[in-house]
Amino acid sequence: MPHRKKVLAIVLAGGEGKRLMPLTEDRAKPAVPFGGSYRLIDFALSNIVNSGYLQVVVLTQYKSHSLDRHVSETWRLSTQLGNYVTTVPAQQRRGKDWFLGSANAIYQSMNLIDDAKPDIVVVVGADHVYRMDFSAMVDFHVSSGARATVAGVRQPMEMVTSFGVIETDPEDVTRITRFVEKPSSTAPLPDDPDAFLASMGNYVFDTDALVEALRADEAREDTAHDMGGDIMPWFADRGEAAVYDFTHNDVPGSTERDRQYWRDVGTLDSYYDSHMDLIRPLPVFNLYNYSWPIYTYGIQAPPAKLVRGPHGEGGVATDSMLSAGVLITGGRVRESVLSPKVYVENDATVAQSVLMDNVRIGEGAVVERCILDKNVVVPPGVRVGVDHEEDRARGLTVTPSGLTVAPKNYRFGR
């Protein structure tokens, strides 16, 4: 029987998430709520544990309190079997600097690798929405003979300046010849002239190779200490890097419509658009795949409830997701995602919006194309997302696409 590789998974969860402000004003990017009941980090962790890897460390840094609490309360594995998901903060183990980049975060946490003694290290980001079987990627990595493998996802050519770009050998499309962050242009894929391979921010390394690369990176002065910008190019230049095409990843329960879904929700508009993907009658990303579940904290709240208002008008929700504890009393909700304990009062309208925990929409209020963070209270009769100048005057964020965002605990004037 062949030796089964021992795998340690490292989740990079220190992201500050400036482009998601004000949602990241009070929390780290991986802790941002998503899809009603989840946090962004739940997607990475669910993919890891569903893949069978049960020794997981989560490296944190910025505003990590809610992230630490969520992981500790939600992700409890059997310690009797040697399994764990644990957060590890920046500790200045190798000098007086905090994490200087994603590669430096792992370098400063080398003790975790020394303690676990894995054969393979899987490194993933904590702020993307997707399903992926990492065991298939690890199998590919081992069989390829590469020392480092990055997962690549096909993206349209017009997005080339937004991602790390993977260029491959025409004679062997699994071998990386060049890895560059956000270039102005790149060659298209041989089988698709309108697409290129973008880095998903997911990596598999032979442990000794990763340690060697991190030490070499630390010794350099011309480095940003970044996994994509520095470590992968180092392997590519040595001819030791491979790419795993996400197209070939087959997750149980997936459909042709959602099996290749991957979204970087790094901006307010992409975060919002990903929510709209969830609520289509045939969702582009299906949260109801019970063969590969997305795990999260089980909130204690009663089922969602839609009831008539004081004048007999029914509470209505169409093309929407309602979390536990949602109460709609005579209000109307359409094309929206409502998180736990949201209350929509009589004659209020919520359309094409994302409402986080404990948001309250007062009687007769109107909310359109908005993201309202936790505990926001919209008073009776107030309109949000309708007049953008009025929203800006209130101090709310309005994106170029016309999306209005209210920060956590915001209170509107009447």
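These numbers come from the heavy atoms of this one structure, side chains and all, not from hydrogens, waters or symmetry mates.
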Ser102 side-chain N/O to Met227 backbone N/O, donor-acceptor pair under 3.5 Å: yes
Side chain to side chain contact (heavy atoms under 4.5 Å, CB included) assessment of Thr74 paired with Tyr295: CA-CA 8 Å; Thr74 305; Tyr295 299 101; 5.6 Å; no
Val344 side chain near Leu338 side chain, heavy-atom distance below 4.5 Å: yes
Option passing side-chain contact (heavy atoms from CB on, under 4.5 Å) with Tyr244 (candidates Thr149, Thr174, Asp139): Thr149
Backbone N/O of Ala317 and side chain of Ser320: donor-acceptor pair under 3.5 Å: no
Contact summary for Asn249 and Ala136, nearest pair of heavy atoms: ND2-CB, 3.8 Å
side-chain hydrogen bond (donor to acceptor under 3.5 Å, both in side chains) between Asn409 and Asn375, worked out: CA-CA 5 Å; Asn409 300 319; Asn375 307 321; 2.8 Å; yes
Within-4.5 Å side-chain heavy-atom neighbours: Asp250 and Asp133: no
Side-chain donor/acceptor of Asn50 to backbone N/O of Pro293, under 3.5 Å: yes
Residues Glu345 and Arg360 bridged, charged N to O under 4.0 Å: yes
N/O donor-acceptor pair under 3.5 Å between Asp230 side chain and Ala224 backbone: yes
Any donor-acceptor N/O pair, Asn289 side chain to Ser291 backbone, under 3.5 Å: yes
Salt bridge present between Lys29 and Asp127 (N-O < 4.0 angstrom): yes
Distance-only donor-acceptor check, side chains Asp258 and Asn286, under 3.5 Å: no
Criterion side chain to side chain contact (heavy atoms under 4.5 Å, CB included) on Val359 and Tyr343, from CA distance to verdict: CA-CA 6 Å; Val359 166; Tyr343 184 18; over 6 Å; no
Working for side chain to side chain contact (heavy atoms under 4.5 Å, CB included), residues Met110 and Val211: CA-CA 8 Å; Met110 200 85 77; Val211 171; 3.9 Å; yes
Lys/Arg-Asp/Glu bridge criterion (N-O < 4.0 Å) met for Glu25, Lys63: no
NZ/NE/NH1/NH2 to OD/OE distance under 4.0 Å, Arg154 and Asp245: yes
Lys/Arg N to Asp/Glu carboxylate O, Arg334 vs Asp319, below 4.0 Å: no
Any side-chain heavy-atom pair of Leu77 and Thr79 under 4.5 Å: no
Pairwise side-chain contact, Leu306 with Leu322, heavy-atom cut-off 4.5 Å (strictly under): yes
Expected output: side-chain His275 to main-chain Gly35 donor-acceptor under 3.5 Å: yes
Under 3.5 Å side-chain donor-acceptor pair for Glu335 and Thr318: no
Flag, side chain of Ser336 to backbone of Val333, donor-acceptor distance under 3.5 Å: no
Intermediate values then yes/no, side chain to side chain contact (heavy atoms under 4.5 Å, CB included), Ile361 and Leu372: CA-CA 10 Å; Ile361 311 300; Leu372 305 184; 4.0 Å; yes
Electrostatic pair Asp391:Arg394 at N-O distance under 4.0 angstrom: yes
Asp264 and Tyr130: side chain donor to acceptor below 3.5 Å: no
Donor on one side chain, acceptor on other, His128 and Asn202, under 3.5 Å: no
Asn47-Trp292 side chain donor-acceptor pair, cut-off 3.5 Å: yes
Distance-only side-chain donor-acceptor flag, Thr399 / Asp269, under 3.5 Å: yes
For Val11, the option from Val57, Ile48, Val88 that meets side-chain contact (heavy atoms from CB on, under 4.5 Å): Ile48
Arg27 with Asp373: basic N within carboxylate O range, under 4.0 Å: yes
Partner set under salt bridge (charged side-chain N to carboxylate O under 4.0 Å, His left out) for Asp26, not counting sequence neighbours: Lys408
Salt-bridge present (Arg332, Asp347; N to O < 4.0 Å): yes
Side-chain heavy atoms of Val7 within contact of Asp119, under 4.5 Å: no
Short N-O contact, Asp277 and Arg280, less than 4.0 angstrom: yes
Parallel, tilted or perpendicular: rings of Phe43 and Phe34 (30°, 60°): perpendicular
Sub-4.5 Å side-chain heavy-atom contact between Ile231 and Asp217: yes
Passing option when Thr397 is tested against Ile371, Leu268, Leu23 for side-chain contact (heavy atoms from CB on, under 4.5 Å): Leu268
Side-chain donor or acceptor of Asp42 paired with backbone N/O of Arg39 under 3.5 Å: yes
Pair Glu389 + Arg392: basic N to acidic O under 4.0 Å: yes
Heavy-atom check, side chain of Trp234 versus side chain of Glu212, under 4.5 Å: yes
Residue pair Phe179 / Val165, side-chain heavy-atom distance below 4.5 Å: no
Any donor-acceptor pair under 3.5 Å from Ser64 side chain to Leu67 backbone: no
Ser353 side chain to Arg369 backbone, donor-acceptor under 3.5 Å: yes
Arg263 charged N/C atom sitting above Tyr261 aromatic ring, 6.0 Å / 45°: yes
Asp68 CG to His70 NE2 distance, which is reported to the nearest 0.5 Å: 11.5 Å
